[in-house]
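Residue numbers count from 1 along this sequence. Counting starts at 1 for both ligands and their atoms, following the listed order.
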Amino acid sequence: MLTDSSTGYSSLPSNRSSIPSKQAAPEATPALEQYFNPRMIYLWLKNLEAIIHLSQALNEKLNSDFISLEWVQHREVMKNNIKHTREITTDLINREISLISSYVTEYSFSYELIQAIGIIIFRPPNYVKTIWDTVAEVVNKMHSSQQNTVLDLSATGLPNNKIIPACIKEAFDGLTQIENKLDPWDSRLEELWNADIKPPQKDLLPYSVHNDVDDDKLPYLEFTTENFKHWGVKDPAKEFSYGCTCRNNCRDIEVCSCIQHCEAGYPFKNGKLIRSDIGAIYECNSFCGCDYTCPNRNIQKNNMNDKNLQIFKTSNRGWGVRTLKPIKEGSFVTEHVGEIINSRTSMLRSICYDKLNMMGYFDLDYGFDSDKGSKILWYVVLKFMNHSCDANLVTIPFFVETKDIRFQRIGFFAQRDISKNTELTIDYRIQNSHFECLCGSKFCR
Ligand SMILES: C[S@@+](CC[C@H](N)C(=O)[O-])C[C@H]1O[C@@H](n2cnc3c(N)ncnc32)[C@H](O)[C@@H]1O
């Protein structure tokens, strides 16, 4: 199901939040809206996501220790005691106090730990690992009574032969695991950290940009030409890989096992889509024996033709997308690409985007991670495609390499012949849109 959630921003992750840009600041005190540009907001969100993710994981662990047996048993004893004697003994009170004080001590450790995680997230790349010093100080301070326990956590992590309180060791192990998970994301951040902030370079954009309506410049964006995963999203499961064993490059297309996945059979004729009520398209791929001349690779063959599209300023609906060349009915036009995120991240982002009222995205809600608690994945796309109640494009899900539903891709196909310089539109299919529809179609709902 395709729903709209306002504008179409997407940018690659970057990390300029806490260090000054290498470029000279244009003003000493930039106007708020300049500071809170989409990229900056994006960075903040990234950091926020990471902190929430990490602190949740650790707090869940730590809290489960405190809400555990000891407390439950103590409360049971108290209840029974009051029932029988109608009073609470000093013993019980002391026990309660000691439980509370141990909770407070442990809680303060968890708090420091979360602060420490904050340091990991916000640290510049050359700050690597000094986090362990900070945590070691806390640990030493807290456990100064245990003089025999020497903690040297500053070097490579936990020494194996030292006596370390179990809860601390577990917290460290958790932290290390989480940090390992963050590694790929971290190197991406590092790369971006060292990159200069530049406005989108026209030549690098797959589209041309045109505005003869007003003086607005295209919003500050970075483009991606392919999908990329948020670090919270797992790789597609291996069992979802598929491929065919056809000979002769799938010439007998109806019996190709990839096509068998498609509910409606082979939906193309001469490379053009002939029906849209097909569920999804399953293209042949690297697991098949065929090559690029196979008739079941229509999207792959025609992908990356975005140079024929132009982002332009419409007279009444902000930016839009149009085609600079005529498009034949049934042709594949372009793919929705962006960042694949999970439901938790998408919830967090929607809240922030809504509050800031300055970034937005399309939500394509179509996947469940059946293994792991039905996580819905969303694409955040970078297109400026406007809505029309009589859209000239139709959105069709397609698969290549994996049929893991979390990684389905979204293709736009022409529903009719489209002449050059025509705006390309899709039907958002939303009931109560937050905007008054100005599509101008005689079928406007
Ligand atoms: C995905 S964005 C499309 C790009 C947008 N025009 C821009 O300048 O960023 C969706 C937003 O465009 C505007 N929009 C799209 N289709 C529209 C329509 N038919 N009528 C009025 N506004 C529309 C709405 O503000 C909507 O929230």
Side-chain angles (χ1 to χ4, degrees), residues 1-12 33 36-42 199-200 202 205-225 227 306 309-324 333-341 346 349-366 378-395 409-412 415-416 418 421-445:
M1 181 183 63
L2 180 65
T3 56
D4 164 64
S5 168
S6 83
T7 57
Y9 283 122
S10 171
S11 58
L12 288 172
E33 61 272 22
F36 287 103
N37 57 51
R39 183 174 184 156
M40 198 62 100
I41 304 295
Y42 190 85
K202 268 194 186 163
L205 285 182
Y207 323 97
S208 56
V209 180
H210 185 80
N211 182 358
D212 56 14
V213 171
D214 54 31
D215 293 333
D216 275 6
K217 297 267 177 293
L218 191 69
Y220 196 90
L221 293 169
E222 285 177 75
F223 286 87
T224 177
T225 49
N227 291 319
D306 286 344
L309 304 184
Q310 182 175 70
I311 298 174
F312 76 110
K313 197 68 186 283
T314 67
S315 57
N316 56 357
R317 289 154 300 124
W319 297 91
V321 181
R322 67 183 166 200
T323 175
L324 300 179
V333 176
T334 190
E335 181 182 351
H336 246 329
V337 287
E339 187 177 16
I340 303 173
I341 59 180
S346 91
R349 286 195 189 172
S350 345
I351 294 165
C352 296
Y353 291 173
D354 286 352
K355 288 260 180 293
L356 292 162
N357 196 25
M358 60 182 303
M359 281 181 89
Y361 54 95
F362 271 81
D363 300 334
L364 289 169
D365 160 5
Y366 48 78
W378 310 68
Y379 278 81
V380 182
V381 293
L382 52 99
K383 306 295 185 193
F384 291 92
M385 208 81 78
N386 284 320
H387 159 88
S388 170
C389 300
D390 184 26
N392 49 20
L393 299 187
V394 62
T395 312
R409 293 163 64 177
I410 293 296
F412 293 150
Q415 302 216 69
R416 51 180 176 263
I418 305 172
N421 294 331
T422 304
E423 179 170 2
L424 298 176
T425 52
I426 49 174
D427 190 336
Y428 291 179
R429 291 196 200 127
I430 37 177
Q431 298 297 325
N432 301 309
S433 79
H434 62 279
F435 57 86
E436 184 196 341
C437 185
L438 300 170
C439 74
S441 151
K442 61 180 176 192
F443 303 109
C444 187
R445 305 186 289 264

Taking only heavy atoms of Tyr428, which atoms of ligand 1 are found under 4.0 Å from at least one of them?
-> 1 (C), 2 (S), 3 (C), 10 (C), 15 (C)

Short list, please: which atoms of ligand 1 are under 4.0 Å from a heavy atom of Trp319?
-> 4 (C), 5 (C), 6 (N), 7 (C), 8 (O)

Taking only non-hydrogen atoms of His387 and a 4.0 Å limit, the atoms of ligand 1 in range are 15 (C), 16 (N), 18 (C), 19 (N)

Hey, does the side chain of Asn392 reach the backbone of Arg416 with a donor-acceptor pair shorter than 3.5 angstrom?
-> no

Considering the heavy atoms of Cys437, write down every atom of ligand 1 situated less than 4.0 Å from one of them.
-> 19 (N), 20 (N)

CG (Asn386) and CZ (Phe435) are apart, to the nearest 0.5 Å, by 7.5 Å

Any chance you could measure His387, atom NE2, to Arg429, atom CZ, to the nearest 0.5 Å?
-> 10.5 Å

If a pair satisfies salt bridge (Lys or Arg N to Asp or Glu O under 4.0 Å) and one of its residues is in residues 431-442, list it, with sequence neighbours excluded.
-> none

Taking only residues two or more places apart in sequence, or in another chain, which ones meet Asp212 in a salt bridge (Lys or Arg N to Asp or Glu O under 4.0 Å)?
-> none

Are any side-chain N or O atoms of Asn211 and backbone N or O atoms of Asp216, one a donor and one an acceptor, separated by less than 3.5 Å?
-> yes

Report the part of Phe435 in contact with ligand 1, treating N, CA, C, O as backbone and CB onward as side chain, heavy atoms under 4.0 Å; options are side chain, backbone, both, neither.
-> side chain

Which ligand 1 atoms are under 4.0 Å away from a heavy-atom of Cys439?
-> 19 (N)

If we only count heavy atoms from C-beta on, is the Leu324 to Ser208 side-chain gap below 4.5 Å?
-> yes

Ligand-side contact atoms (ligand 1) for residue partner Asn386, heavy atom cut-off under 4.0 Å = 3 (C), 4 (C), 5 (C), 6 (N), 12 (O), 13 (C), 14 (N), 15 (C), 16 (N)

Within a distance under 4.0 Å of any heavy atom of Glu436, pick out the atoms of ligand 1 and give their elements.
-> 20 (N), 21 (C)

Phe384 heavy atoms within 4.0 Å reach ligand 1 at atoms 3 (C), 4 (C), 9 (O)

